[in-house]
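Notes follow once the structure below has been shown.
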Amino acid sequence: LKSHEAVDLLVIMLGTNDLLNGDNPSEIARKMERFLSTLEMENVILIAPPHLSRGEWVTGDGLIRRSEALAEEYRAVALRMAIPFLDAGEWNVPLCYDGVHFTEIGHRVFAEHVCAAIESATEKGQGLPAANFGRLLQRQGSSSYFPGKSTPVPNVPRFSENKYKF
């Protein structure tokens, strides 16, 4: 990030590979918090990955439970750091045969939610000041987080409505 010009917005979703490698959710969240604390920027959105599901790479319930726990750990990180949080585990992102990676439709569903969150934060071309991130909750629902906000919101449009072109 430091090798590029100013970044307007960083949307970060990491941790699935760590889970697959056997790391526990608390340790993954600790590493994420350490990473985020090194960033010298205001506009960061932390996204918890979709929960894993049974498939060729996910053969037991333990890994699925750990992926669910990661979202709660990331939510706590976002609260401590006062940054926006989105939980992709609540978006019903379709995963492929391995139980890890998005299907084509899964990519669209994920992109719809992220685009809607960013769109709400940048309402009417107002740029990306940190104060605008409060609008994230107006799109993402009660499990999303932004400091000082707690408003539940409507669902984002389905990808079939073609609101966003991919």
Side-chain angles (χ1 to χ4, degrees), residues 1 7-55 57-58 60-96 98-103 106-122 128-153 155-156:
L1 290 171
V7 175
D8 292 325
L9 174 66
L10 176 64
V11 179
I12 186 161
M13 181 180 80
L14 297 170
T16 301
N17 287 342
D18 299 286
L19 288 169
L20 293 170
N21 286 327
D23 291 355
N24 71 59
S26 297
E27 176 63 19
I28 296 166
R30 189 184 64 73
K31 289 188 283 186
M32 175 61 77
E33 188 166 2
R34 188 173 55 219
F35 168 70
L36 291 172
S37 70
T38 68
L39 300 178
E40 296 174 5
M41 58 185 300
E42 292 180 7
N43 296 316
V44 178
I45 300 173
L46 177 59
I47 302 178
H51 305 154
L52 301 176
S53 63
R54 284 195 173 267
W57 291 15
V58 183
D61 290 337
L63 193 51
I64 294 169
R65 284 192 300 274
R66 287 199 320 270
S67 72
E68 293 166 351
L70 182 60
E72 294 309 311
E73 294 285 345
Y74 276 5
R75 181 177 283 106
V77 168
L79 284 166
R80 282 192 298 276
M81 298 188 78
I83 61 172
F85 171 76
L86 304 171
D87 185 355
E90 296 186 347
W91 299 344
N92 297 316
V93 175
L95 302 177
C96 66
D98 61 12
V100 176
H101 295 97
F102 300 177
T103 63
H107 280 282
R108 290 176 184 259
V109 169
F110 180 82
E112 279 281 327
H113 282 81
V114 173
C115 286
I118 293 169
E119 180 182 89
S120 94
T122 60
L128 292 165
N132 283 347
F133 282 129
R135 293 189 195 97
L136 287 172
L137 281 183
Q138 297 170 358
R139 289 289 186 126
Q140 293 302 325
S142 60
S143 71
S144 298
Y145 168 77
F146 184 71
K149 303 287 182 177
S150 61
T151 307
V153 294
N155 293 329
V156 296

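Residue indices begin at 1 and follow the sequence shown. Atom set for the values below is all heavy atoms of this structure, side chains included, hydrogens, waters and symmetry mates excluded.
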*Report the residues that fulfil side chain to side chain contact (heavy atoms under 4.5 Å, CB included) with Thr103, sequence neighbours left out, ordered by chain and then residue number.*
Pro94, Cys96, Ile105
*Could you tell me which residues satisfy side chain to side chain contact (heavy atoms under 4.5 Å, CB included) with Asp61, sequence neighbours excluded, listed by chain and number?*
Arg54, Ile64, Arg65
*Does the pair Met81 and Leu46 meet the rule for a side chain to side chain contact (heavy atoms under 4.5 Å, CB included), with working shown?*
CA-CA 10 Å; Met81 298 188 78; Leu46 177 59; over 6 Å; no
*asked:* Please determine whether a side-chain nitrogen of the Lys or Arg among Arg30 and Glu33 lies less than 4.0 Å from a carboxylate oxygen of the Asp or Glu.
replied: no
*Should Leu63 and Leu20 count as side-chain neighbours, where that means a heavy-atom distance under 4.5 Å?*
yes
*Do Trp91 and Glu112 come close enough that some side-chain heavy atom pair is under 4.5 Å?*
no
How many angstroms lie between atom [atom1] of [X] and atom [atom2] of [Y], to the nearest 0.5 angstrom?
| X | Y | atom1 | atom2 | result |
| --- | --- | --- | --- | --- |
| Leu19 | Asn17 | CG | CG | 9.0 Å |
| Leu36 | Arg80 | CG | CZ | 11.0 Å |
| Met13 | Asp87 | CE | CG | 11.0 Å |
| Ile28 | Leu70 | CD1 | CG | 5.5 Å |

Identify the heavy atoms of [X] and [Y] that sit nearest to each other, and give their distance.
| X | Y | value |
| --- | --- | --- |
| Pro49 | Leu14 | CG-O, 3.8 Å |
| His51 | Leu95 | O-CD1, 3.4 Å |
| Gly99 | Val58 | O-CG2, 3.8 Å |

*asked:* Could you go through Phe85 and Leu79, starting from their C-alpha distance and side-chain angles, then the distance that decides it, and tell me whether this counts as side chain to side chain contact (heavy atoms under 4.5 Å, CB included)?
replied: CA-CA 8 Å; Phe85 171 76; Leu79 284 166; over 6 Å; no
*Test Leu86 against His113 for side chain to side chain contact (heavy atoms under 4.5 Å, CB included), laying out the working first.*
CA-CA 9 Å; Leu86 304 171; His113 282 81; over 6 Å; no
*Show your reasoning for whether side chain to side chain contact (heavy atoms under 4.5 Å, CB included) applies to Ile12 and Met32.*
CA-CA 10 Å; Ile12 186 161; Met32 175 61 77; 4.2 Å; yes
*asked:* Students often mix this up, so state it plainly: with edges at 30° and 60°, are the rings of Phe102 and Phe110 parallel, tilted or perpendicular?
replied: tilted
